[in-house]
Amino acid sequence: MSSVVRFAPSPTGFLHIGGARTALFNWLFAKHHKGKFLLRIEDTDRARSTPESVQTILDGMAWLGLDWDGEAVSQFSRFGRHAEVAKQMIANGTAYYCYASPEELEAMRAEQKTKGLPQRYDGRWRDRPTGDAPPGVKPVIRLKAPQSGETTVDDKVMGSVTVQNTQLDDMVLLRADGTPTYMHAVVVDDHDMGITHVIRGDDHLTNAFRQVQIYKAMGWDVPAFAHLPMILGSDGAKLSKRHGSPAVSDYRDRGYLPEAVRNYLLRLCWAHGDDEIISTAQAIEWFDLDGVGKSPARFDFVKLGSVNAHYIKEADDRRLAELAEPFIARILGQPLTLAQVDLLTQAMPDLKPRAQTIVEIAEMAVFYFHIGPLPMDDKAKKLLTPEAKQHMAELAGRMKALPDFTSEAIEALFRAYAEEKGLKLGNIAQPFRAALTGSTVSPPIFGVAGLLGREESLRRLAV
RNA sequence: GUCCCCUUCGUCUAGAGGCCUAGGACAUUACCCUUUCACGGUAGUAACACGGGUUCGAAUCCCGUAGGGGACGCCA
């Protein structure tokens with residue numbers, strides 16, 4: 001039997017980084033087993049689901065390179081089918097109508113809470129004849145859950161997990177307005193879509209018990225479950241803006257590469273021996289559920305940064321230049337010309353070993369593109385002493401005479417000059433750097449000068 | 001409150017009863033390389049939550065305790 005998995009986000013906001021990890025694992029699992037990876041949008045909550053959210057999620061998946069098979073399914077569009085199944089359950093005696101009002105149930109829960117009792121539906125309509133139905137009240141349909149025995153979920157990650165059926169109540173399957181609840185819709189859809197492995201977040205583990213009961217009530221095969229541990233913030237609490245952003249789009253905006261995010265996410269709760277840098281092809285070959293750990297992981301921006309730095313070093317220079325361009329444009333207040341992007345591309349080999357993110361590349365590279373006077377930081381200003389300026393002036397004269405203005409030629413010139421004057425190379429290279437870049441920190445300065453060209457270099461030196 | 005799950009360096013993790021003097025990566029410290037900053041290289045600091053068992057032998061199996069997380073909606 002070939003594997004069919006799915007990712008089922010609810011479109012009530014952005015694509016959460018934890019959701020992205022779930023999607024990644026499903027995707028990898030499908031690729032590894034040569035199965036199918038389906039996408040289902042859980043939009044049965046009409047009040048909170050928005051088309052914008054759907055688009056955001058799709059965009060996030062596309063950015064991460066996670067493609068799915070077939071069309072994305074809208075869960076809401078299948079509500080007729082959900083109702084049909086609920087009616088079948090009424091017919092086969094595994095579900096019943098409940099006429100209790102929300103207020104009534106609220107009061108029931110409040111009372112249970114004050115008495116310190118578990119908060120569960122008490123089954124007040126479970127065995128009442130339909131004739132008792134109060135007129136004019138639209139009922140919900142509830143599962144007639146087994147009241148004795150136990151329910152077991154054989155989880156591929158957590159192992160065999162059992163709960164006493166007395167702990168579970170008769171949950172709502174179909175709301176009074178005829179729409180399905182999440183619990184019900186998930187089971188019906190997963191069954192109809194032929195899902196063989198339900199791989200999702202740990203927060204659904206206890207839901208799995210109730211879902212198993214629905215499968216059994218309908219006499220359907222129960223899929224394999226795999227509940228992935230949560231991703232926590234750096235403080236060990238729920239992931240939030242403070243401790244590692246929850247929104248996938250933020251990672252793009254902060255200059256992370258999708259392959260880096262994928263690699264980092266893969267290594268959260270999953271390992272293959274000592275391997276850290278794992279290509280997607282390799283991940284597909286290696287990934288399986290038995291490598292998934294059981295304990296939750298904290299999100300660590302520092303490590304993500306180092307993984308990102310690795311992928312930046314490997315990335316194509318042109319691609320990096322194009323990714324950095326919008327960030328530079330924002331700083332400069334205008335887009336780069338094609339020639340400037342070319343220059344950026346040429347500068348990239350010296351830029352990329354120095355950056356952890358595209359944003360850092362951009363910040364480091366703006367100095368190449370300043371047309372007017374170069375903004376200069378205080379440390380750089382201090383380097384340009386009168387003495388240093390005198391050296392720069394003399395060096396400028398010699399550079400003017402250079403037959404070829406290449407970085408090698410410039411460096412040779414500087415070295416010869418330093419030796420001639422009994423100076424250390426740093427004594428003249430640092431002021432040169434300050435004049436050309438406005439900073440004491442930059443890529444190798446002779447390369448910078450070569451790229452800037454003779455005219456621009458001398459212009460900056462003259463100021 | 002009830003139920004469920006989890007617990008190895010600061011962080012992510014390797015570890016399937018002897019291969020563990022607990023390994024790797026990130027971070028951190030020192031040194032080397034060096035025109036700055038990085039990259040790279042070398043070395044170092046650093047962990048089996050606690051308490052009981054089982055066993056010749058336990059990070060690994062069992063039981064408790066503590067801590068953390070999750071679920072308990074006509075949300076998903």
Side-chain angles (χ1 to χ4, degrees), chain A residues 8-12 42-45 47-49 75 98 100-102 105-106 109 112-121 138-142 153 155 157-159 161-164 166-169 171-177 179-183 185-186 201-210 227 229-230 232 234 236-238 264 267-277 293-300 302-307 309 313 350-356 364 383 411 414-415 418 424-430 432-434 437 439-446:
Chain A
S10 60
T12 53
E42 312 235 304
D43 50 0
T44 51
D45 183 345
R48 294 200 298 154
S49 300
Q75 185 161 61
C98 167
S101 69
L105 295 175
E106 191 48 52
R109 274 187 216 101
Q112 287 168 339
K113 193 166 185 176
T114 52
K115 286 186 180 168
L117 294 168
Q119 292 172 49
R120 287 196 281 267
Y121 174 68
K138 290 217 171 184
V140 300
I141 294 180
R142 285 184 184 272
V153 171
D155 196 90
V157 172
M158 296 298 172
V161 185
T162 300
V163 72
Q164 295 302 311
T166 49
Q167 297 295 328
L168 274 17
D169 63 3
M171 68 185 141
V172 173
L173 267 16
L174 215 61
R175 300 183 186 115
D177 65 1
T179 60
T181 60
Y182 162 77
M183 232 31 114
V186 164
D202 203 355
D203 47 342
H204 290 290
L205 180 57
T206 50
N207 290 335
F209 297 122
R210 319 177 87 100
H227 289 94
M230 303 269 88
L232 272 21
S234 56
K238 206 167 189 167
Y264 177 72
R267 286 287 293 101
L268 247 31
C269 308
W270 182 85
H272 181 271
D274 285 340
D275 296 298
E276 294 285 347
I277 296 298
K294 293 179 165 191
S295 48
R298 296 182 185 207
F299 196 93
D300 182 7
V302 177
K303 181 136 185 182
L304 204 216
S306 94
V307 174
K313 268 173 251 156
D350 280 340
L351 252 18
K352 60 186 185 180
R354 295 174 164 71
Q356 290 212 321
M364 205 184 317
L383 276 175
E411 179 168 355
F414 268 67
R415 285 188 186 280
K424 282 202 253 178
L425 188 54
N427 293 142
I428 48 177
Q430 276 303 85
F432 190 42
R433 185 189 316 281
T437 70
S439 166
T440 54
V441 176
S442 82
I445 197 59
F446 304 118

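Side-chain atoms are counted along with the backbone in the values below, which use heavy atoms only and exclude waters and symmetry mates. Letters go in sequence order (proteins before strands), and every chain restarts at 1.
Nearest to the side chain of A:S295, among B:rA71, B:rU8, B:rU35, sits B:rU8. Distance from the side chain of A:R354 is smallest for B:rA38 among the nucleotides B:rC3, B:rA76, B:rA38. The listed nucleotides are B:rA27, B:rU36, B:rA76; the one nearest the side chain of A:Q430 is B:rU36. Among the nucleotides B:rC39, B:rC74, B:rC4, the one closest to the side chain of A:L205 is B:rC4. Taking every side-chain heavy atom of A:F446 into account, B:rU35 is the closest of B:rC5, B:rA76, B:rU35. Comparing B:rU36, B:rC74, B:rC12 by their nearest atom to the side chain of A:A176 picks out B:rC74.
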Short heteroatom pairs, N/O only, protein and nucleotides 14-23 of chain B, under 3.5 Å:
| unit_1 | atom_1 | unit_2 | atom_2 | d |
| --- | --- | --- | --- | --- |
| B:rG23 | N2 | A:D274 | OD1 | 2.8 |

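In this model, the phosphate group of B:rA38 is not approached by any side-chain N or O of A:K352 to a distance below 4.0 Å at OP1 or OP2. Listed pair A:K294 / B:rC5 fails the phosphate criterion, with no side-chain N or O lying under 4.0 Å from OP1 or OP2. At least one side-chain nitrogen or oxygen of A:R415 sits closer than 4.0 Å to the OP1 or OP2 atom of B:rU35. In this structure, A:R298 does not reach the B:rG68 phosphate: none of its side-chain N or O atoms is under 4.0 Å from OP1 or OP2. A sub-4.0 Å separation between OP1 or OP2 of B:rA27 and a side-chain N or O of A:S306 is absent. Distances shown here put a side-chain N or O of A:R109 below 4.0 Å from the OP1 or OP2 atom of B:rG73.
Nucleic acid contact for A:K115: none, since no nucleic acid atom lies under 4.0 Å from a heavy atom of the residue.
When the C1' atom is used for both B:rA25 and B:rC37, the distance is 24 Å, rounded to whole Å. Nucleotides B:rC72 and B:rA38 place their P atoms 49 Å apart, quoted to the nearest Å.
To the nearest angstrom, C1' of B:rA27 lies 13 Å from CD of A:E276.
A donor-acceptor contact under 3.5 angstrom links the side chains of A:D155 and A:H227, judged on distance only.
Glycosidic conformation of B:rC39 is syn; the angle stays within 90° of 0.
Taking only distance into account, the side chain of A:K303 never meets the base of B:rA27 through a donor-acceptor pair shorter than 3.5 Å.
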